[in-house]
Protein chains: 2
Amino acid sequence: MASSIPDIVISRLPIYLRALERLAQEGYEVTSSLELGRRLGISSAQIRKDLSHFGGFGKQGTGYRISFLVDQLRQVLKVENEWKVALVGAGDLGSAIARYKGFEDRGFHIACIFDSAPEKIGKQIDKYLIHAVDDIPSVIGAHAIKIAMVAVPAQAAQFVTDALVTAGVKAILNYAPINLKVPSDVHVQYIDPVIHLQRMTFYLNYTP
Amino acid sequence: MASSIPDIVISRLPIYLRALERLAQEGYEVTSSLELGRRLGISSAQIRKDLSHFGGFGKQGTGYRISFLVDQLRQVLKVENEWKVALVGAGDLGSAIARYKGFEDRGFHIACIFDSAPEKIGKQIDKYLIHAVDDIPSVIGAHAIKIAMVAVPAQAAQFVTDALVTAGVKAILNYAPINLKVPSDVHVQYIDPVIHLQRMTFYLNYTP
DNA sequence: TAGATTGTTAATCGATTAACAATC
DNA sequence: TAGATTGTTAATCGATTAACAATC
């Protein structure tokens, strides 16, 4: 069942969902492609076209019922239920990720943490017990975990990734500043704030 | 001097730069569009086309001298020198950002931190003194800061952004899960790990 | 009903790829 | 020289936008 829906469309759905959840929070019950587009800086035509890949969620003349559209988008993205996530790396970055509340709030539950430093193994970050990287196969397997976040130094990222993939992980959020090689059925997304900063400095005039 | 170079090209340059810096670190001195493309999962034609917007950096038959291409890309992106950056928000997320070493290493120096909580003001995170959000105009002005990172709760993000923009900030890296309204000469980039996770769950089969 | 907004089609626009002469 | 790889042009591909009939 290979999807024929362009990935660029998929990449916008979470943005729509987030904006709609916010609108709901602000007390709105109905919105239109025009209003949503204005908020997001996206054309109304694009929003309607994107949504039309998945069904007719609106009503002519009145627009979209927010609660309904939120439900539908959550279903499309498969985020109505909670996902278990593994975190590899319990250094500064990994610890910050473990403590960040934004994941749990939005349906991603950190189920286990791994690190390679012997002195950290067996200790805890918040409520999470730190496992050895060597235990990735058994722990990931036992929990049937499909999603992992990688927060290890660049030189360790590919090794850790290979272990995760072998253990059955199909989606990786990589915080290490390096491109990962994975099989074609494994998805990778990258988070590197410096990349975003460098993209913006192009447009700035450097003044010391 | 409005640039005619597509933003999508600009968005790839930092990726190229990062990969080239890594190649250099691994001891390579020369590479080709084919090799670089293989590493990044990008076609060689695209790399050559992207680079050709800025000049001829390679040699037929031999490819690109890495050190030269790194220098050129740094110049294009204006990251040869250090940029001062303001950080707003000294909560869990802000503190983690302040402690993260990856910025300094790659030319972004956190010059000041702001928070609105009276009990935090005057205290320090690492070596950084926390200023009041009310002091954004004076502190940003005094340092002539052009880049800011926003790590405050969603409901405070727009207010803080308005203050930054008024103070002269032209580039914002926003960690708050909300779309910001800014004038057209101000650049915004978003970091929201949950958005990336939700983009990947679309392709997964949910198994509880 | 009249006004508003959807879903969809066709037209436009822009980005990627293929191909190759130039040349190191 | 022969082989390799660039920079660039033209062809293809895909995404966005404009427009409007359908209809709430």
Side-chain angles (χ1 to χ4, degrees), chain A residues 2-17 19-20 23 28-73 75-76 179 199 202, chain B residues 2-17 19-20 23 28-73 75-76 179 199 202:
Chain A
S3 170
S4 67
I5 295 159
D7 183 62
I8 193 150
V9 171
I10 306 303
S11 75
R12 282 189 292 260
L13 299 184
I15 313 276
Y16 298 164
L17 177 57
L20 288 162
L23 279 165
Y28 294 90
E29 301 203 330
V30 168
T31 190
S32 67
S33 57
L34 199 76
E35 184 182 38
L36 188 59
R38 218 184 293 118
R39 286 219 172 198
L40 295 174
I42 290 179
S43 80
S44 62
Q46 178 155 89
I47 291 175
R48 293 199 301 279
K49 187 123 218 282
D50 284 352
L51 295 178
S52 76
H53 283 99
F54 307 96
F57 300 140
K59 272 203 183 59
Q60 284 101 324
T62 59
Y64 302 89
R65 171 151 283 273
I66 293 171
S67 61
F68 177 72
L69 187 50
V70 163
D71 275 356
Q72 294 297 310
L73 285 180
Q75 273 181 42
V76 167
N179 280 79
R199 179 177 176 177
F202 172 82
Chain B
S3 170
S4 65
I5 295 160
D7 183 62
I8 193 150
V9 172
I10 305 304
S11 76
R12 282 189 293 260
L13 298 185
I15 313 276
Y16 298 164
L17 178 56
L20 289 162
L23 279 166
Y28 294 88
E29 301 203 331
V30 168
T31 189
S32 67
S33 58
L34 200 75
E35 184 182 40
L36 188 58
R38 219 184 293 117
R39 288 219 171 198
L40 296 173
I42 290 179
S43 79
S44 62
Q46 179 155 88
I47 291 175
R48 292 199 301 279
K49 186 126 219 285
D50 284 352
L51 295 178
S52 75
H53 283 100
F54 307 96
F57 299 141
K59 273 204 182 60
Q60 284 100 325
T62 59
Y64 302 89
R65 171 151 282 273
I66 292 172
S67 61
F68 176 73
L69 187 49
V70 163
D71 274 356
Q72 294 297 310
L73 285 179
Q75 272 180 42
V76 166
N179 280 78
R199 178 177 176 177
F202 172 82

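Residue numbers start from 1 in every chain, and the chains themselves are labelled A, B, ... in the order their sequence lines are given, proteins ahead of strands.
- Of all nucleotides listed (dT16(D), dT16(C), dT6(C)), dT16(D) comes nearest to the side chain of Arg12(A).
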Residues Ile10(B), Asp7(B); criterion side chain to side chain contact (heavy atoms under 4.5 Å, CB included); working and verdict | CA-CA 5 Å; Ile10(B) 305 304; Asp7(B) 183 62; 4.2 Å; yes
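- Checking dT5(D), dT17(C), dC24(D) against every side-chain atom of Gln60(B), the shortest atom distance belongs to dT5(D).
- In this structure, Ser44(A) reaches neither bases nor backbone, as no heavy-atom distance under 4.0 Å exists between it and the strands shown.
- Checking dT9(C), dA10(D), dC20(D) against every side-chain atom of Lys49(B), the shortest atom distance belongs to dA10(D).
- Of the candidates dT5(D), dG7(C), dT17(D), the closest approach to any side-chain atom of Ala45(A) belongs to dT17(D).
- For Ser52(B), the side-chain atoms get nearest to dT8(D) when compared with the rest of dT6(D), dT6(C), dT8(D).
- For the OP1/OP2 pair of dA4(C) and a distance below 4.0 Å, the side-chain nitrogens and oxygens of Tyr64(A) include no atom meeting the criterion.
- One finds no side-chain N or O of Arg48(B) lying less than 4.0 angstrom from the OP1 or OP2 phosphate oxygen of dG7(D).
- The residue from Leu69(A), Asp50(A), Val70(A) that alone fulfils the side chain to side chain contact (heavy atoms under 4.5 Å, CB included) condition with Tyr16(A) is Asp50(A).
- One interatomic measurement links the two molecules: CD of Glu35(A) to C1' of dA4(C), which rounds to 14 Å at whole-angstrom precision.
- Set against dT5(D), dT17(C), dA15(C), the side chain of Pro6(B) has dA15(C) as its closest nucleotide.
- When Watson-Crick and G-U wobble pairs are counted only if both distances are under 3.5 Å, dT8(D) pairs with dA19(C).
- If you check dT8(C), dT17(D), dT6(D) against the side chain of Ser43(A), the one that comes closest is dT17(D).
- Picking from dT16(C), dA15(D), dC24(C) the nucleotide with the shortest atom distance to the side chain of Lys59(B) gives dC24(C).
- For the pair Ile42(A) and Gly61(A), nearest-nucleotide mapping onto DNA chain D gives the more 5' position to Ile42(A).
- Phosphate proximity of dT5(C) to Ser33(A): absent, as no side-chain N or O sits under 4.0 Å from OP1 or OP2.
- Between Thr62(B) and dA4(D) there is no side-chain polar atom (N or O) within less than 4.0 angstrom of OP1 or OP2.
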